[in-house]
Protein chains: 2
Amino acid sequence: MPRSTRDRPAKAPLSKDAIVDAGMQVLREDGIDAVTMRRVAGVLDTGAASLYVYVANADELKQVIFDRVVAEVPMPNVDAEDWRDEMRTLGRNTVEVLDRYPGIASIAIAHIPTGDNAMRLVNAMIGLLLAGGVPEASAAWAADVVNLYITAAAYENFIRARMDVDQDEEIEEIAEHFRTRAAAYPNVQRVAWAMFAGEGTERFDFGLDLMINGLLTTPAPVHPSGS
Amino acid sequence: MPRSTRDRPAKAPLSKDAIVDAGMQVLREDGIDAVTMRRVAGVLDTGAASLYVYVANADELKQVIFDRVVAEVPMPNVDAEDWRDEMRTLGRNTVEVLDRYPGIASIAIAHIPTGDNAMRLVNAMIGLLLAGGVPEASAAWAADVVNLYITAAAYENFIRARMDVDQDEEIEEIAEHFRTRAAAYPNVQRVAWAMFAGEGTERFDFGLDLMINGLLTTPAPVHPSGS
DNA sequence: ACCTGAACACCGTTCAAGT
DNA sequence: ACCTGAACACCGTTCAAGT
């Protein structure tokens, strides 16, 4: 038998799963922007064209990868004693998982997630709201809004982390802009002490609390087909 | 004199302003994804390399364009009788402006806006909150969260609009997925009647109300340097 | 100093040709 | 049916050469 088949593992057969696995690997290593058809194909020792047998296009691949990531978010307990606390935990857990995969949140921003894992999580979130006595219409819309907030927050974490790496350039420019023009933004200046204070999770929790607490005092949206 | 200098207007000299103008034109016509260095340079009858004299890179150009767009948002009246109503108007106005420039919201998601117009708007928003009696720390964080929400909402509008154009494909797939797997998502099914109901502005207002109302009942974040 | 064309190192996607 | 290399039509950015 020829050496080549023994020296390195035989090229595994292509499959959608294998492609997604390769994509996950690239994502973990170099972030979502590195997940290109060519790069993923490279991991599998083939050319980009070969992937199109299993995946419609680059976009579909990324959406499938996103749903794989969502699978790692622990399901909330719909029968929890304190539904608001459980909502906070769910939000925090989701951001935590998204933070492990650099830039993945951008996928959820670019396409409303419809994968099975994402759907099951939304289903659980709505269940939590309904169990808490939130009206159906409010629950539907609130789930939408909260998910928008969660993904936006996770993406902002990514941006901030990337900025910390590029540091010098951008951060110094912003600081400089602030110093020289502070007089033009008196209110910003007045609250500046709080602006960049606190942990990221603290700020995230505050935003989530705004929504959860708001649910208790915001009337359910009226709707033509609602009674 | 040679004809060529009379037949078509003489090539205007390059300048940062001219480049941004050209970028705005492309943005209006074909959306932010069409705003590439090559395309913008094409409008100005030159090559992409020429732009680098006035602009550091493609990213900077897009951020400047974003700030141009923000200039169109009407400034809120900080002395308004009802600050909550003024907040709602500000939010709605911002989304309205962003909606006029396809995909521009993605820029604000990818980089926290620091342009002069964006800063003046944030300054006004914080002023509105402070005038309403919101504590400094809450105002600082709430402005952050609300802006995150505004840009995310505007970007989702863009996504939805683009989906309506591509229609057939994606929308039918999602509907099919819903039909066949509805049993797996009972809560989603239960509130589905509300999910896609209502105007986009109605949903947006609801989310904004959640935050505004939440501000009245959410304690100001405690902070080490705060008293 | 400003402008340029050509080149480099990438993209996604298609397609004819192979197995 | 599956896989492939080459090609097409794009990107952003750099750089030597011109004015």
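Predicted model, so just to flag it, every value in this text is computed and none were measured. In the text below, chain A, chain B and the rest are named by the order of the sequence lines, each starting its count at 1.
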Participant: Are the side chain of Asn117(A) and the backbone N or O of Arg68(A) linked by a donor-acceptor pair below 3.5 Å?
Facilitator: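 Side chain of Asn117(A) to backbone of Arg68(A), a donor-acceptor pair under 3.5 Å: no, none is there.
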Participant: Taking pairing as Watson-Crick or G-U wobble with both contacts under 3.5 Å, can you name the mate of dA9(D), or confirm there isn't one?
Facilitator: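 Because no pair has both required distances under 3.5 Å, dA9(D) counts as unpaired.
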Participant: Assess whether a salt bridge exists between Arg88(B) and Asp205(B), defined as any Lys/Arg side-chain N lying under 4.0 Å from an Asp/Glu carboxylate O.
Facilitator: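 No, no charged N to carboxylate O under 4.0 Å.
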Participant: Respond yes when some side-chain nitrogen or oxygen of Thr46(A) is under 4.0 Å from OP1 or OP2 of dC3(D), and no when none is.
Facilitator: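 No.
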Participant: Leu14(A) has a side chain; which of dT13(D), dT13(C), dT4(D) sits nearest to it?
Facilitator: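 The closest nucleotide is dT4(D).
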Participant: Would you kindly give the CG-to-C1' distance between Leu51(B) and dG5(C), to the nearest whole Å?
Facilitator: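 It is 14 Å, rounded to the nearest whole Å.
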Participant: Applying a 4.0 Å non-hydrogen cut-off, can you work out what Thr36(B) is touching in the nucleic acid: base, sugar-phosphate, or nothing?
Facilitator: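 Touches sugar-phosphate only.
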Participant: Tell me whether the centres of the aromatic rings in Phe66(B) and Tyr101(B) are closer together than 6.0 Å.
Facilitator: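 No, ring centres 6.0 Å or more apart.
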Participant: Which value, in whole Å, describes the distance between the C1' atoms of nucleotides dC15(D) and dC3(C)?
Facilitator: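 The same atom, C1', in both gives a distance of 13 Å.
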Participant: May I have the distance from Asn57(A) (atom CG) to dC10(D) (atom C1'), rounded to whole angstrom?
Facilitator: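 Asn57(A) atom CG is separated from dC10(D) atom C1' by 17 Å.
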Participant: Between dC11(C) atom P and Asp59(A) atom CG, what is the distance in whole Å?
Facilitator: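 Roughly 16 Å, once rounded to whole Å.
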Participant: What's the NZ-P distance between Lys62(B) and dC11(D), to the nearest Å?
Facilitator: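 Rounded to the whole Å, the gap is 11 Å.
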Participant: Check the distance between dA17(C)'s P and Tyr52(A)'s OH and give it to me in whole angstrom.
Facilitator: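 Interatomic distance, OH of Tyr52(A) to P of dA17(C): 21 Å.
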Participant: Mind checking the P distance from dA9(D) to dA9(C)? Whole angstroms is fine.
Facilitator: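 Taking atom P in both dA9(D) and dA9(C), they lie 22 Å apart.
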Participant: Nearest to the side chain of Ala49(B) - dT4(C), dG12(C), dT13(D)?
Facilitator: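 For Ala49(B), the side-chain atoms sit closest to dT4(C).
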Participant: Does dC2(C) have its OP1 or OP2 closer than 4.0 Å to a side-chain nitrogen or oxygen of Tyr54(B)?
Facilitator: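 Checking Tyr54(B) against dC2(C): no side-chain N or O falls below 4.0 Å of OP1 or OP2.
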Participant: Going by heavy atoms in the side chains, are Tyr155(A) and Thr151(A) under 4.5 Å from each other?
Facilitator: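 Tyr155(A) does not reach Thr151(A) side chain to side chain.
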Participant: Using a heavy-atom cut-off of 4.0 Å across all strands, would you classify Ala58(B) as base, sugar-phosphate, or nothing?
Facilitator: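 Since only primed, P, OP1 and OP2 atoms lie under 4.0 Å of Ala58(B), the category is sugar-phosphate.
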Participant: Side chains of Trp141(B) and Glu202(A): any donor to acceptor distance under 3.5 Å?
Facilitator: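 Judged by distance alone, the side chains do not pair up.
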Participant: Rounded to the nearest Å, what distance is computed from the CG atom of residue Asp33(A) to the P atom of nucleotide dC10(C)?
Facilitator: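 Rounded to whole Å, this separation is 15 Å.
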Participant: Calculate the interatomic distance between Glu60(B) atom CD and dG12(D) atom P; express it in whole Å.
Facilitator: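 Value for this atom pair: 14 Å.
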Participant: Could you let me know what dT4(D) is paired to, Watson-Crick or G-U wobble, both distances under 3.5 Å, or none if it's on its own?
Facilitator: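 dA16(C) - that is the nucleotide pairing with dT4(D), both distances being under 3.5 Å.
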Participant: Arg38(A) has an atom CZ; how far is it from atom P of dC10(D), in whole Å?
Facilitator: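 So the two atoms are 15 Å apart, to the nearest Å.
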